[in-house]
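Ligands are counted one by one from 1 in listed order, and the atoms in each one are counted from 1 as well.
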Amino acid sequence: MDSDTVLEARGLSREFKGFVAVKAVDLRVRRGTIHALIGPNGAGKSTVFNLLTGFLAPTRGRILYKGRDITRAKPADVARMGLVRSFQISAVFPHLSVLENVRVALQRPLGTSFHFWKPQAGLHALHDRAHALLEAVNLADRAARPAGELPYGRKRALEIATTLALDPEVLLLDEPLAGMGHEDIERTAALIRRVAAHRTVLMVEHNLSVVADLSDTITVLRRGEVLAEGPYATVSRDPQVVEAYLGTEAVHA
Ligand SMILES: Nc1ncnc2c1ncn2[C@@H]1O[C@H](COP(=O)(O)OP(=O)(O)OP(=O)(O)O)[C@@H](O)[C@H]1O
Ligand SMILES: [Mg+2]
């Protein structure tokens, strides 16, 4: 694994009762980049995320993170190592306040009591950290409101804040813009760019104009296989990519 690569999949495959959802995927995510994983519905994008973060075990293949083999690692261990994912479906606690949602995330033990012993986990420090995260996602003015009251796009921003609470080195975002209106899309895209200044981002996203705008590298999946990889200008001209998207979405942003 060269030092530029922070996360790598080699020959990654996953079958579900004989159905091959992910087929011999090779993926190399370079440190400090925004890397997008795109492809039609059912291409295997979320399954790749589940494999990379230990939520699913691969049928074949290996996963390397910072040079370590994490193929069989548990989700909590993977997260503790700094590889953290968000989910495609919204996952906030609706009855807790916006601030409490972030505090809960900051206190998440991740299968060890280690975090409780960190000096900055004192109550005031926790409160300050939570506020800083809310500032980062533009939610500070909603801190005291129940999370369930947030409009959809702001809820997704809160989820990004709870994910950032784990201080990931590599952040995996599954469709961070799904279901958002124009204004939230712009805000969230700007947030992803800010967040990526200090870490690596791997994201699954169907909004191709944002993908084109944000990504250094794009990997296109189709029926579980890598169809193309490169910068947007290259993959968007690839005839196989255009064909994979015909009838579903325009590939030209
Ligand atoms: N637990 C499972 N059991 C059986 N089949 C599954 C399972 N998870 C995913 N699949 C199948 O694997 C394929 C890939 O699914 P996946 O969710 O990874 O696609 P995706 O690219 O994320 O699609 P979308 O863009 O719709 O989110 C689909 O055909 C799906 O039905
Ligand atoms: Mg998916």
Side-chain angles (χ1 to χ4, degrees), residues 7-29 34-63 70-75 78-79 83-92 152-153 155-156 159-160 163 168 170-180 184-185 188-189 192 201-212 214-215 217-230 232 235-236 238 240-251 253:
L7 178 63
E8 182 171 359
R10 294 184 188 163
L12 199 61
S13 299
R14 171 68 199 206
E15 294 176 16
F16 295 109
K17 295 183 177 134
F19 171 75
V20 185
V22 173
K23 193 172 178 184
V25 164
D26 291 323
L27 186 70
R28 259 192 205 188
V29 181
I34 299 182
H35 191 129
L37 193 57
I38 69 168
N41 292 113
K45 306 179 298 291
S46 293
T47 304
V48 166
F49 267 28
N50 285 330
L51 292 169
L52 292 176
T53 49
F55 285 86
L56 273 178
T59 313
R60 270 181 297 282
R62 289 177 69 198
I63 302 160
I70 59 158
T71 312
R72 304 282 158 203
K74 294 189 191 70
V78 171
L83 180 60
V84 178
R85 64 168 301 177
S86 73
F87 286 87
Q88 192 169 349
I89 307 298
S90 182
V92 303
Y152 180 77
K155 231 177 244 167
R156 301 301 309 254
E159 280 175 306
I160 293 179
T163 312
V170 178
L171 178 61
L172 279 67
L173 299 170
D174 197 353
E175 302 200 25
L177 310 173
M180 286 187 179
D184 278 323
I185 287 176
T188 310
I192 294 168
V201 172
L202 177 63
M203 73 176 170
V204 168
E205 184 47 56
H206 285 290
N207 185 320
L208 294 180
S209 69
V210 172
V211 164
L214 290 183
S215 313
T217 307
I218 298 168
T219 300
V220 187
L221 278 188
R222 183 184 56 178
R223 294 194 208 107
E225 291 186 271
V226 174
L227 197 61
E229 188 170 278
Y232 190 81
V235 298
S236 64
D238 186 308
Q240 282 193 291
V241 175
V242 174
E243 196 204 314
Y245 271 93
L246 272 184
T248 52
E249 288 157 273
V251 77

- K17 touching ligand 1 at heavy-atom level, < 4.0 angstrom: no
- Any N or O on G42 sitting closer than 3.5 Å to an N or O of ligand 1? yes
- Message: List the residues meeting salt bridge (charged side-chain N to carboxylate O under 4.0 Å, His left out) with R222, not counting sequence neighbours, and say none if there are none.
- Response: none
- Item | ligand 1 atoms in contact with E175 (distance to a heavy atom under 4.0 Å) | 25 (O), 27 (O)
- By number and element, which atoms of ligand 1 are closer than 4.0 Å to a non-hydrogen atom of S46? 17 (O), 18 (O), 20 (P), 22 (O)
- Task: Return yes when at least one N/O/S atom of T47 is nearer than 2.8 Å to the Mg ion (ligand 2), and no when none is.
- Result: no
- Test item: K45 side-chain N/O and P40 main-chain N/O as donor-acceptor pair under 3.5 Å: yes
- Message: Please state which option from T47, V204, N50 has its nearest heavy atom closest to atom 16 (P) of ligand 1.
- Response: T47
- Query: Is it the side chain, the backbone, both or neither of H206 that has a heavy atom closer than 4.0 Å to ligand 1?
  - Reply: side chain
- Message: Below 4.0 Å from ligand 1: does a non-hydrogen atom of G44 turn up there or not?
- Response: yes
- Query: Going through the checks in order, is the side chain to side chain contact (heavy atoms under 4.5 Å, CB included) test met by T188 and R156?
  - Reply: CA-CA 9 Å; T188 310; R156 301 301 309 254; 5.9 Å; no
- Query: Just going by heavy-atom distances, which of R222, E15, K45 is nearest to atom 25 (O) of ligand 1?
  - Reply: K45
- Using modelled atom types only, decide if a donor and an acceptor are shared between the side chain of T47 and the backbone of V22 within a distance under 3.5 Å. no
- Query: Once you round to the nearest 0.5 Å, how far does CD of E8 lie from CD1 of I63?
  - Reply: 11.0 Å
- Message: Going by the closest heavy atom to atom 26 (O) of ligand 1, which one wins out of V20, N41, D174?
- Response: N41
- Message: Regarding ligand 1, does F19 bring an N or O atom to under 3.5 Å of one of the ligand's N or O atoms?
- Response: no
- F16 to ligand 1: N or O pair under 3.5 Å? no
- Message: For E225, give me all partners under side-chain contact (heavy atoms from CB on, under 4.5 Å), at least two apart in sequence or on another chain.
- Response: K23
- Task: For the pair K155 (side chain) and V92 (backbone), establish whether a donor and an acceptor sit closer than 3.5 Å, ignoring hydrogens and angles.
- Result: no
- Item | From OG1 (T219) to CG (L202), nearest 0.5 Å | 8.0 Å
